[in-house]
Protein chains: 2
Amino acid sequence: MSGDDKVISINKNTGTAKRPLTLKDVSIASGVSEMTVSRVLRNRGDVSDATRAKVLKAAKSLGYVPNKIAGALASSRVNLVAVIIPSLSNMVFPDVMTGISEVLDDSPLQPVVGVTNYSPEREEQVLFEMLSWRPSGVILAGLEHSDASVAMLKSASVPVVEIMDTDGEAIDAVVGISHRRAGREMARQIVKMGYRQIGFLGTKMSMDHRARKRFEGFTEALAREGIEVVDQEFYDGGSSLAKGREMSARILERSPELDFLYYSNDMIAAGGLLHLQESGIDVPGQIGLAGFNGSEFLEGFSLQVATMDAARRDIGREAARIIAERSDGSLQGTGQKIELEPRLQMGDTLRRR
Amino acid sequence: MSGDDKVISINKNTGTAKRPLTLKDVSIASGVSEMTVSRVLRNRGDVSDATRAKVLKAAKSLGYVPNKIAGALASSRVNLVAVIIPSLSNMVFPDVMTGISEVLDDSPLQPVVGVTNYSPEREEQVLFEMLSWRPSGVILAGLEHSDASVAMLKSASVPVVEIMDTDGEAIDAVVGISHRRAGREMARQIVKMGYRQIGFLGTKMSMDHRARKRFEGFTEALAREGIEVVDQEFYDGGSSLAKGREMSARILERSPELDFLYYSNDMIAAGGLLHLQESGIDVPGQIGLAGFNGSEFLEGFSLQVATMDAARRDIGREAARIIAERSDGSLQGTGQKIELEPRLQMGDTLRRR
DNA sequence: GTGTTTCAGGTTACCGCTAACGAACTTTGC
DNA sequence: GCAAAGTTCGTTAGCGGTAACCTGAAACAC
């Protein structure tokens, strides 16, 4: 029995392959060994210009697409970076992704995104899936992970960069801002501007550790001035302008004495702004406002809401840089820590006139 | 020379592997063959409950993570679906992704996202990269692709679903809405409500084929009523409220006679709304407005801007369903076409009072 | 002319896993 | 009691590439 009796229908240009092409097909078509084809396609090793041209021509005319699965297995190099984030619809992670892509585009690495929906169990699953592809690095949001997740990451022996947050203990490298500090700075500024009756509006914080840390920093700094948060309002589900409106209405009905509203993100802060304006409340004279994230879309409103830029793009860029440089060997060691500065933007809603 | 002289430091629980674990490690630890371990881990074939338990225990205690690269090569099954979209920061693709994930979560498949930034060359690159992982299916936005891209897709012999748009010729399956029709319906409704002096504001449309088709449908339907678009205003770069404001200001300065503004997306439409309201213009009495996408955040404004829902989630769901069912064999054949209904939402800005 | 490099390319042995087959042992039927 | 049919598990041979080594011919030195 011959081993060569498979039906092989090679197709020129027409592009209707029955059986996926392999290196062998290209090697036959160009009359050299598979190894030489491999060398040409990866620009590695010594190949004469003549054969190189021959091989490239054959590969192109066949429409050969290399099989990275096989390549990765053989070379045990996988040029993927796992990026694990809680959500895409968040307005913050697309920015982080942009930063990551900017850097990885100049490297052989490619990001692969996994979304956890703020669920630790889901994070564990996604992480397991991702690690089973043996990526060159992992970037993941936050410092809080299940024990199993931490164990997997530690034993995976790949560069790990935890992003967004620097308040806590990292597995390996970290890039982010201190949310506790962001909360403190905002609190100090609010008090400095003369506001005293302060309300807080945000997500139910059991899931969102960064919002919680901001809140902790916030109340801590207020406490130091002898001030307490007067009232709080929480929501769950996604952020929206409408939610910001409703929450603002509710908290003000309950606590009409409030003179400042601190929101856990810009979307609900903007909703709050719209509500206050329509209720004929003077912003920032009667009530001041602040959000968080430094979202670009705040620029569109009649008043620029005070906020704090979370340096999202930079976080993405730095995280990707660490992975890229560690994976090409230009950066040695582990455990790098990059703490970026949250930049306060006073806008128009954090000053009494 | 023995082949077994590699330094192997097995680590229980502590998770500080020197050498990544393989099936063999688990097989040794549990005293069965690699094949049996493989069967247990994939829930396939006959394994007694006793050995199953033994193997699972060993795998867990070692912290074994299977190597999908090797598995995929051996079984020539790769449970990845390539999803290729123009942008993440768009507010529309996150919704599509949500739909895709909803469906794929109930299947063994996993989405992998690639972003093209509306560039055909980049699309070609990303596609090549993705196909070299031999995915089980490809979902990509739009019907317009480079010749090389089309050739790759055709010869890849995997299910391909082009999404968002149904106006044109598909490579294989399509799921989307007719943007031409969406434009037409909006035009008819605008005229029906009595508006006559109509302006258009949108992206430079050389890149964005769907915006172009909407515009074509729009002008076509207007023409049938003997009406022409009075003035147009274009922008490039990302959409933002601020841009919507500026553009609206400019077009109204140039053409103060306008009584309706049709925007190519909801973000700039909302910006326009804010501008008009602050300029003391009566909306929709003096000037009417409409956007496109059915974005949720429109609900937060004092007036609900008229828009047309693009069924983004459903598009994602249906596309994923086609891939999933074709890949598990429950759906036969190729070239499925699903045209969804764009739903007009009149809101408050498309009625003269 | 002989020995040493250099260059261009081929050979061989895996990478870690799974499909396909087959063997040993147990159960069932009569 | 023995053959037929399960059940459970092991063996073998790749999947499509690449690392590492090897070979033959040409180029160079002296």
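Protein chains get the first letters and strands the later ones, always in sequence-line order, with residue 1 at the start of each. These figures come from a predicted structure and were not determined experimentally.
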Contacts under 3.5 angstrom, residues 69-78 of chain A side chains, donor-acceptor by atom type, not counting sequence neighbours:
unit_1 : atom_1 : unit_2 : atom_2 : d
A/S75  : OG     : A/G71  : O      : 2.8
A/S75  : OG     : A/R77  : N      : 3.3

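- Qualifying salt bridge (Lys or Arg N to Asp or Glu O under 4.0 Å) partners for A/R134, counting only residues two or more places apart in sequence or in other chains: none.
- Every residue was checked against the side chain to side chain donor-acceptor pair (under 3.5 Å) condition with A/R39, not counting sequence neighbours, and none meets it.
- The side chain of A/A74 approaches D/dT18 more closely than any other nucleotide in the set C/dT18, C/dG16, D/dT18.
- Looking at residues two or more places apart in sequence or on another chain, you find a side chain to side chain donor-acceptor pair (under 3.5 Å) between B/D165 and B/K213.
- D/dG17 atom P lies 11 Å from atom CD1 of A/I69, rounded to whole Å.
- Within the nucleic acid shown, A/R134 has no heavy atom closer than 4.0 Å to any nucleic acid atom.
- Residues passing the side chain to side chain donor-acceptor pair (under 3.5 Å) test with B/H209, sequence neighbours excluded: B/R212.
- For residues 103-112 of chain A, the set of pairs meeting the side chain to side chain donor-acceptor pair (under 3.5 Å) definition, not counting sequence neighbours, comprises A/D105-B/R122.
- With sequence neighbours left out, the side chain to side chain donor-acceptor pair (under 3.5 Å) criterion links A/E102 to A/R313, A/R317.
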Show me the protein contacts with nucleotides 5-12 of chain C, counting only N or O atoms at under 3.5 Å.
unit_1 : atom_1 : unit_2 : atom_2 : d
C/dG9  : OP1    : A/S48  : OG     : 3.4
C/dG9  : OP1    : A/T51  : OG1    : 3.1
C/dG9  : OP2    : A/S48  : N      : 2.7
C/dG9  : OP2    : A/S48  : OG     : 3.4
C/dG9  : OP2    : A/T51  : OG1    : 2.9
C/dG10 : OP1    : A/S33  : N      : 3.3
C/dG10 : OP2    : A/S33  : N      : 2.9
C/dG10 : OP2    : A/S33  : OG     : 2.4
C/dG10 : OP2    : A/T36  : OG1    : 2.4
C/dG10 : N7     : A/R39  : NH1    : 3.4
C/dG10 : O6     : A/R39  : NH2    : 2.5

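- Rounded to 10 degrees, the angle separating the terminal helix axes of the helix from C/dG1-D/dC30 to C/dC30-D/dG1, each built from five base pairs, is 30°.
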